[in-house]
Amino acid sequence: MSTPGRRRAGDRRTAAGRRTAAERRTAAGRPTPPGPERVLAPAALVLVGAGLTVAMDASARRARARRVLGWVLEGTVGLLLVGSGLSVFGDAVRRTAQRPA
């Protein structure tokens with residue numbers, strides 16, 4: 001049983017029983033402001049696209065029998081870009097899932 005004036009664990013209301021500012025905004029029908037995931041997801045897609053482009057260019061260099069060191073380094077940079085883009089995209093998905101509804 002809860003006594004009046006005491007807060008339970010997880011209760012966001014103030015001691016006086018009023019709603020917090022975030023609850024009032026959500027209750028009023030206004031959505032919460034967008035977070036950093038609105039920027040991270042598109043940036044991640046750009047990184048993945050750039051990485052795939054660089055890796056495909058390295059593949060074309062390899063087919064033309066250019067120097068080994070050139071296409072290996074370019075391919076490595078391309079794969080690093082793809083990996084970092086996937087990592088940033090995963091972070092954006094994680095932040096979106098953790099946002100309050």
Side-chain angles (χ1 to χ4, degrees):
M1 287 201 316
S2 67
T3 57
R6 293 197 66 178
R7 294 173 51 191
R8 287 184 274 164
D11 189 7
R12 293 183 182 169
R13 293 179 183 228
T14 62
R18 291 177 291 195
R19 292 184 193 172
T20 62
E23 288 176 329
R24 284 195 303 271
R25 277 194 303 271
T26 306
R30 286 181 244 139
T32 57
E37 63 274 2
R38 297 280 298 237
V39 175
L40 288 176
L45 294 177
V46 168
L47 279 173
V48 170
L52 289 175
T53 302
V54 171
M56 293 297 289
D57 186 55
S59 172
R61 276 188 178 199
R62 181 175 180 248
R64 289 188 301 246
R66 298 279 179 143
R67 293 186 325 234
V68 172
L69 185 61
W71 64 261
V72 167
L73 290 177
E74 187 179 5
T76 303
V77 169
L79 291 177
L80 286 173
L81 286 171
V82 170
S84 62
L86 292 175
S87 175
V88 170
F89 188 75
D91 188 44
V93 169
R94 179 184 59 84
R95 288 174 183 248
T96 302
Q98 289 178 347
R99 279 190 73 152

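Only this structure's heavy atoms are used, side chains among them; waters, hydrogens and symmetry mates stay out.
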Grab the two heavy atoms, one from S84 and one from L47, that are nearest each other, plus how far apart they are.
OG-CD1, 4.1 Å

Closest contact, heavy atoms only, A92 versus A41
CB-N, 3.9 Å

If hydrophobic clusters are built by linking Ile, Leu, Val, Met, Phe, Trp and Tyr wherever their side-chain heavy atoms come under 4.5 Å apart, do V88 and V54 end up in the same one?
yes

Who else is in the cluster with W71 when I, L, V, M, F, W and Y are joined by side-chain contacts under 4.5 Å?
V68, V72

When rounded to the nearest 0.5 angstrom, what distance separates CG in D57 from CZ in R61?
6.0 Å

Who are the side-chain contact (heavy atoms from CB on, under 4.5 Å) partners of L79, not counting sequence neighbours?
none

Tell me if the CZ atom of R94 is crowded by more than 12 foreign heavy atoms within 6.0 Å.
yes

For R67, I'd like to know if atom CZ has over 12 heavy atoms of other residues, nucleotides or ligands within 6.0 Å.
no

Atom of V48, atom of L86 and distance for their closest heavy-atom approach
CG2-N, 3.8 Å

Check A44 against G85 and note the closest heavy-atom contact, atom names and distance.
CB-O, 3.2 Å

Just jot down the side-chain contact (heavy atoms from CB on, under 4.5 Å) partners of R95, sequence neighbours excluded, or say none.
P36, E37, L40, D91

